[in-house]
Undergrad: 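Take this structure first; my questions come after.
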Amino acid sequence: MKDKLEAIIENIAPSVRNDFLSHKDEIGDDILFALNSSFTSAAKGNQYSKDALEFINSVIDRVWEQLNVGNWKDVPECLRDVFAYASFLKAMILLKFTLQDDEQNLRQNLIDTLEAIDRGLLLGSSNRQELCQLASALCPFICDASQKFPCENFSQLELSKRPSITVPHLKPLPSKECPSIESFLVDHFKPRRPVKLTGCIKHWPALTKWDNVRYIYEKIGPRLVPVEIGSSYTSSNWSQKLMTVDAFIKNFFFSETEERIGYLAQHQLFNQIPELLDDICEPDYCVLSENYDDPVGTDVNAWFGPSNTVSPLHYDPKHNFLAQVVGKKRVFLIDPKWSENVYPYDDFLLFNTAQVDLENIDYEKFPKFENTEIFECILEAGEMLYIPPKWWHHIRAQSVSFSVSFWWGNC
Amino acid sequence: MDAVCYGFKLFGQIGSDEFDTVLSQFKSYGLAESTKSIRSIAFGWSRCYIIFEDGSCWKYTLNKEWVKLDNLIPADMKKTNLHIIDLETSDYLHLAVTNEGHLFDFLLHFSAPFPAKVKKASCGYEHYLCLLENGSVFVWGSGSRGQLGNGSLNAVEQPELLVPLDGLIVVDIDAGGWHSAAVTINGDLYTWGWNNFGQLGLHSEEKITDESDDSCITVSSEPQPISYFDDSHVFKQVACGVNHTLVLMGE
C-alpha cells in the first residue's frame with residue numbers, strides 16, 4: 001500500500017511549484033513566508049515535517065477567514081489561489097505523514113488528506129488539475145471494496161409515500177422529441193417558452209451508471225460535498241454543511257430513523273470531480289446564445305437527493321436545461337408575466353424566491369395568486385426540461401433523484 | 001508599565017526578530033513609552049494597539065516597530081480633554097471610545113450619535129456592537145450570518161437598537177468574527193450569529209455523525225439564551241474569538 005502511495009507522491013511532486021512571488025504585494029510577507037516554509041517539505045523528498053504542517057495550517061485558517069469576509073463574488077482571485085495552493089501543499093505534507101505513520105492509520109490519514117484537497121477545490125481556484133488528479137488517485141485507497149448496500153440501484157428504493165399535492169389551474173407542459181436546434185430556437189429559445197424534451201440525453205452513460213449505488217460510492221463516495229439540510233431553503237430549520245457523499249447517502253437515503261431531508265443541490269460537482277463529465281454531455285442546444293460577441297461558458301450543476309427534496313418557487317436569470325438522470329421530479333412552472341401574483345420576497349438574498357408556497361397556498365395572504373396559470377411537468381429519467389430565464393419553477397423529487405442542470409445562453 | 005505577550009505570532013502580531021508560529025513563553029514588548037500606564041490593548045490577526053492613560057495610541061506593525069497614531073479623533077469632535085480610552089479592532093473594522101462616551105471608527109472616521117454615553121464597543125469582521133451606559137445594545141454592519149441579532153440577514157448601515165434585548169440591562173458585550181454575545185445584569189448570557197464551530201454554545205453540525213440531532217443550529221439571527229448546567233452560577237463577562245467564546249462565571 002505504502003509503495004503505491006510513494007509512487008503517487010513522486011508522480012505529483014513536480015507539479016508543486018512555488019510561484020506566488022508574483023503576488024507578493026497582494027498576499028503579504030507573512031503568508032508568503034509561511035508558504036515558502038512549507039513548500040520544500042511538500043515538494044521535495046519523503047520526509048514529513050511537523051513545522052511545515054503547522055505553517056500551512058496557519059495559512060489555511062487565516063485565508064479561510066479572509067475568504068469569508070464580504071461577498072463571495074468580491075473575493076480577490078489571488079486569495080482563492082493561495083487557498084487552493086496551500087491546500088495542495090497541506091495534502092502533500094499529510095501524504096508524507098501517512099507514509100511514516102502506522103499502517104493501521106493509513107485509511108484515516110488518507111481521509112484527512114482528501115478532506116484538505118476537497119476544501120481546496122471547493123473554495124480555491126489554482127492548481128485545480130493537480131488537486132483533482134491527487135483526489136482521484138486517493139479515492140480507491142479509501143473505498144472499501146467489501147462495503148454492502150441495502151440495494152443495488154437507487155431506483156429500487158421505495159417511491160415517496162407522501163400524498164401528492166393538489167394545485168389548481170394546472171396545464172400539462174408540452175413535450176417534444178429531440179427537436180432540431182433550428183426549431184428549438186424558433187419555438188422555444190426566442191419566445192422563451194418552456195418545453196419537455198425527450199430523447200435528447202438517452203446516449204448519456206450516466207443514465208445507467210449513476211443509478212448504481214456501488215458506482216457512485218466508488219467514484220465519489222469519499223469526496224466532500226455541500227449538503228443542504230431542511231425541507232427547503234426558505235424554511236427556518238434549513239442549514240448547509242460539508243460531508244462525504246458516502247455519509248450523505250448513508251444518512252439521508254438509507255437511514256430509517258432520519259426524518260430530515262438532505263439535498264446535494266446546486267453544486268458544481270463537475271468542477272470538483274471532472275471524471276464525472278465522461279458520463280454526461282452538454283446538450284447541443286447550448287450553442288444558442290443571446291449574445292455571440294461575448295461568449296460565456298455553461299454552468300453545470302449537480303442535484304442529488306432522496307425523495308421529497310424541494311426547491312421552492314423561484315426563478316434563475318439564465319436559460320436552464322434540467323436533465324433528469326435518475327428517478328423523477330414533479331415541476332411546476334409559472335410565466336414571468338405573473339410575477340406579481342407570486343409575491344417575491346423583498347430581500348437581497350431571496351428576491352428571486354416567491355412567498356407563495358405552491359404546496360400550501362395561503363389565498364388570504366396572497367389573494368392575487370388565485371387565477372395564476374401553472375404548467376405541470378413530470379420529469380422522468382432520460383428526459384430534459386427547458387426552463388427559460390425568469391420563469392418561476394417549483395420542483396419536488398418523487399423518488400431518489402439525480403439531475404444535472406445547465407445554465408447557459410448568455411442573457 | 002510593560003505589556004507582555006505569548007501565543008500565535010506568525011503574522012507579526014506580537015513581534016519577533018524572525019517569523020515563527022508560536023511563542024510559548026511570556027515576552028516583553030519593549031514599549032517606547034514604558035514609563036506610562038497602559039489603559040487598554042487591542043489585538044487582531046496581524047496588529048496590536050496600545051492606549052496609555054494619557055490617551056496616546058501606539059500601533060505595533062509587521063515591521064516590528066511601534067508607531068504613534070496621532071489625530072485619531074475626527075476634526076469635528078476635537079476639543080480639550082477629549083481623549084481615547086479604548087480601541088477595538090478585528091483587522092477589518094476599528095472602533096475607538098472616548099472618555100466622554102463618543103464612539104467612532106478611527107480609520108473610516110465614521111461616527112454616530114447615541115441616546116446615551118457609550119460604555120463599550122466591539123467589532124466583528126463585518127459588524128459592530130455597542131453597549132450604552134443605560135444598558136441598551138446597538139448593532140450595525142453586515143448581518144450575513146445573523147450576527148446583528150435583529151432577526152434578519154440584511155445589512156444595517158446606521159446603528160440601530162437591538163430590539164430583542166430591549167428592556168434588559170446589558171452589562172457586557174463582545175463580537176467575534178461573525179457572532180456576538182451579551183451578558184445581562186441578572187447574569188444571563190445571550191449569543192447570536194454564526195455557530196459553524198459551536199461558538200454560540202449551541203450544538204453545531206460541522207461534522208455529521210450517524211446520530212441525528214434536530215436541535216442543531218448553524219446560524220441564529222436572534223439572541224439565544226444560553227443555559228449552564230448549574231443554575232447557581234451566573235455569567236459575569238464574555239469574550240468572543242472568531243470560532244469560540246469564553247465566559248467568566250460568578251456565584
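Proteins come first, then strands; the chains are lettered A, B, ... in the order of their sequence lines, and each starts at number 1.
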Undergrad: Among all residues two or more places apart in sequence or in another chain, which pass the side-chain hydrogen bond (donor to acceptor under 3.5 Å, both in side chains) test with A/Thr40?
TA: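 A/Thr40 satisfies side-chain hydrogen bond (donor to acceptor under 3.5 Å, both in side chains) with no other residue.
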Undergrad: Would you mind telling me which of A/Glu65, A/Arg62, A/Gln66 makes a side chain to side chain contact (heavy atoms under 4.5 Å, CB included) with B/Asp91?
TA: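 Exactly one pass, corresponding to A/Arg62.
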Undergrad: Could you look at A/Asn68 and say if it's the side chain, the backbone, both or neither that has a heavy atom under 4.5 Å from chain B?
TA: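 Both backbone and side chain.
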Undergrad: Flag the pair A/Gln240 / B/Thr218 as yes when at least one side-chain heavy-atom distance between them is below 4.5 Å, and no otherwise.
TA: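 Counting from C-beta outward, A/Gln240 and B/Thr218 never come under 4.5 Å.
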Undergrad: Tell me whether A/Asp346 at atom CG has more than 12 heavy atoms from other residues, nucleotides or ligands lying less than 6.0 Å away.
TA: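 Counting other residues, nucleotides and ligands, CG of A/Asp346 stays at 12 neighbours or fewer.
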Undergrad: Name all residues meeting the side-chain hydrogen bond (donor to acceptor under 3.5 Å, both in side chains) criterion together with B/Lys120; count only those two or more places apart in sequence or in a different chain, and write none if there are none.
TA: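 Residues passing side-chain hydrogen bond (donor to acceptor under 3.5 Å, both in side chains) with B/Lys120: B/Asp172.
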Undergrad: Once the angle between the rings of A/Trp64 and B/Trp194 is folded into 0 to 90°, is it parallel (under 30°), tilted (30 to 60°) or perpendicular (over 60°)?
TA: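 It falls in the parallel class, under 30°.
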Undergrad: Within a radius of less than 6.0 Å around CD of B/Glu160, do more than 12 heavy atoms belonging to other residues, nucleotides or ligands occur?
TA: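 Yes, the 6.0 Å shell around CD holds more than 12 heavy atoms from other groups.
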